[in-house]
Amino acid sequence: MMMTMMRRSGPSERVARMASGNAVVVFSVSGCCMCHVVKRLLLGLGVGPTVYELDQLGRGGREIQAVLSHLLSATSPSVSAAAVPAVFVGGQLLGGVEKVMSCHINGSLVPLLKQAGALWL
């Protein structure tokens, strides 16, 4: 009898796989007001993001939050990096709520979303 061993992917690989599954991916926690703000903004712009509610994923969600916290702190060391919301556009980390709102205000968010194929107009 031959057994096939499957290599379990770690949390970092899982985040990369999840983040590249759609043009826009939001990692969120239900009940988080800043996550709600980001999701409403994207929906208001006409984007249908894939949303992962990490508190509903059990232990795996906590591992993903740890990876996201590390990624966000690496991209914005001056900002206290909460793990959520974490927004990926085109499989690349855009950032948290501060970055998303900054891009929206300075006019660069819509072109990013168009380039990723999340908006057509």
Within the structure provided, determine whether [X] and [Y] are in side-chain contact (heavy-atom separation under 4.5 Å).
| X | Y | value |
| --- | --- | --- |
| L71 | F88 | yes |
| V24 | L42 | yes |
| V97 | V84 | no |

Quick one: [atom1] on [X] to [atom2] on [Y], what's the gap to the nearest 0.5 Å?
| X | Y | atom1 | atom2 | answer |
| --- | --- | --- | --- | --- |
| L112 | Q92 | CG | CD | 11.0 Å |
| M101 | L109 | CE | CG | 9.5 Å |
| K99 | L72 | NZ | CG | 12.0 Å |
| S108 | L94 | OG | CG | 8.0 Å |
| M18 | L54 | CE | CG | 7.0 Å |
| E63 | L57 | CD | CG | 10.5 Å |

*asked:* Considering only residues two or more places apart or on different chains, which pairs with a residue in residues 20-38 satisfy salt bridge (Lys or Arg N to Asp or Glu O under 4.0 Å)?
replied: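 Salt bridge (Lys or Arg N to Asp or Glu O under 4.0 Å) check on residues 20-38 returns no pairs.
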Cluster link [X] to [Y], ILVMFWY, side chain under 4.5 Å:
| X | Y | result |
| --- | --- | --- |
| V67 | V87 | no |
| V110 | V37 | yes |
| L43 | V100 | no |
| V51 | V29 | no |

*Locate the shortest heavy-atom distance separating P85 from C35; write the atom from each residue and the value.*
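So the minimum-distance heavy-atom pair works out to N-SG, 3.6 Å.
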*Determine the minimum heavy-atom distance between A23 and A116, stating which atoms define it.*
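So the minimum-distance heavy-atom pair works out to CB-O, 3.4 Å.
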*Any idea how F27 and Y52 line up, ring-wise: parallel (<30°), tilted (30 to 60°), or perpendicular (>60°)?*
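Geometry flag for Y52 against F27: parallel rings.
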With a 3.5 Å distance limit and no angle check, can you tell me whether [X] reaches the backbone of [Y] through a side-chain donor-acceptor pair?
| X | Y | answer |
| --- | --- | --- |
| S73 | S69 | yes |
| S102 | E98 | no |
| N22 | P49 | no |

*Quick one: list whatever passes side chain to side chain donor-acceptor pair (under 3.5 Å) with E53, sequence neighbours left out.*
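Checked E53 against side chain to side chain donor-acceptor pair (under 3.5 Å); matches are S28, K39.
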*asked:* So that I can tick it off, tell me whether E13 and R17 are bridged by a salt bridge, with the cut-off set at under 4.0 angstrom between side-chain N and carboxylate O.
replied: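 Result for this pair is no, no salt bridge flagged.
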